[in-house]
Amino acid sequence: MDLAGKNVLITGASAGIGKELALQFARHKANVALLARRVEALEEVAAECRLASGNQAKVLPLRCDVTDRASCREAVLGATNEMQTVDIIILNAGVSMGCYFEDIKDLSDADKLMDVNFMGTANVLFYALPYIPKRSDSRIVVVSSIAGLFGVPFRTFYCASKWALHGFCASLRTELLDAYGSNSPAVVLTCPGEVSTSLNSSRLKFGNDVAAEFLDSVAEPTSQAANKILEATIAGVKVGFFTKAHSWLSSCYGWIPATIDGIMIKGVRSRMRAPRYGNW
Ligand SMILES: NC(=O)c1ccc[n+]([C@@H]2O[C@H](COP(=O)([O-])OP(=O)(O)OC[C@H]3O[C@@H](n4cnc5c(N)ncnc54)[C@H](OP(=O)(O)O)[C@@H]3O)[C@@H](O)[C@H]2O)c1
């Protein structure tokens with residue numbers, strides 16, 4: 001797929017994976033609409049994208065709170081006024097958590113998390129879908145997580161939000177295929193493991209401030225993660241696994257769930273410090 005001149009809309013483009021994806025698309029001279037709440041951070045990303053494209057791409061920083069439908073509608077209209085179509089949409093905005101369900105003190109953060117990760121994705125797509133060309137080279141890309149494939153400790157509502165996205169995408173894929181057949185846009189779920197971003201430090205606290213922290217040394221660089229998402233986008237795969245092990249474990253989940261639960265617990269114990277693990 002030649003990305004030059006494609007119109008790409010990215011949510012959560014002010015930081016982390018979304019910012020790095022914006023830069024990578026801009027390097028390919030794709031036009032990018034950058035959505036997030038922090039306008040100053042977006043302006044900085046926009047300046048970097050213009051530079052990365054050699055000033056050959058349209059770059060549109062647009063304020064958007066994905067939990068606010070009026071804001072989503074306005075941002076999508078702002079993008080499409082300039083770009084007419086959304087050839088590729090990357091639904092990436094998200095927040096995380098790090099708390100055992102039985103340690104949670106404030107459940108209202110669960111509503112916030114589901115609102116950003118699940119409904120926020122649906123909100124933006126709702127307004128953008130009419131502008132996505134019904135062609136097989138259009139892409140609807142949802143940034144899920146390894147937590148959308150397996151159960152992971154400390155992440156009940158985060159897993160729930162990502163698993164909800166998998167169901168949403170599976171249904172949407174059937175609808176698009178039913179309506180548009182071979183002209184249906186590809187619906188791509190990408191599933192990063194641990195990536196070095198501010199996701200964990202800016203996590204919702206659920207009323208329990210010291211719950212769990214990643215040991216940063218094991219996280220994948222943002223540029224590498226964004227590159228895998230870019231490749232999955234171009235390929236139009238249904239699920240973009242980040243490693244062969246994730247792909248293999250996912251295909252075995254229905255057969256040996258207890259073994260895979262054990263692997264996830266062991267993996268998290270070796271990668272996190274938490275009061276529960278006695279290494280805080
Ligand atoms: N980092 C990882 O280890 C990892 C692993 C698997 C999956 N993921 C997924 O990757 C995606 C990006 O996360 P990241 O790691 O890049 O985290 P990040 O650096 O914290 O970036 C999160 C982005 O989401 C935006 N955002 C948060 N709430 C928003 C809202 N209400 N409205 C609009 N934008 C909002 C933030 O922008 P503003 O604050 O400016 O609004 C920011 O641009 C998430 O969906 C996350 O679940 C990350």
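Remember, it's a predicted structure, so these values are computed and weren't measured experimentally. If you read the sequence from its start, that first residue is 1, and numbering goes on from there. Whatever order the structure lists ligands and atoms in, that order sets their numbers, starting from 1.
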Distance only, no hydrogens: is a donor on one side chain within 3.5 Å (strictly under) of an acceptor on the other, for Thr85 and Asn7? yes

Can you confirm whether Asp261 sits close enough to Tyr253 that some side-chain heavy atom of one is under 4.5 Å from a side-chain heavy atom of the other? yes

Less than 4.5 Å apart, side chain to side chain, heavy atoms only: is that true for Pro61 and Val39? no

Quick one: list whatever passes side chain to side chain contact (heavy atoms under 4.5 Å, CB included) with Met272, sequence neighbours left out. Phe154, Arg155, Ala212, Phe214, Val268

Would you kindly check if the NZ (Lys) or CZ (Arg) of Arg69 is within the cone defined by 45 degrees around the ring axis of Phe126 and under 6.0 Å from the six-membered ring centre? no

Heavy-atom closest pair (Val188 atom, Arg139 atom, distance to 0.1 Å) is CG2-CD, 4.3 Å

Every residue of the protein that comes under 4.0 Å of ligand 1, judged on heavy atoms: Gly12, Ala13, Ser14, Ala15, Gly16, Ile17, Ala36, Arg37, Arg38, Cys64, Asp65, Val66, Asn92, Ala93, Gly94, Val116, Val143, Ser144, Ser145, Tyr158, Lys162, Pro192, Gly193, Glu194, Val195, Thr197, Ser198, Leu199, Ser202

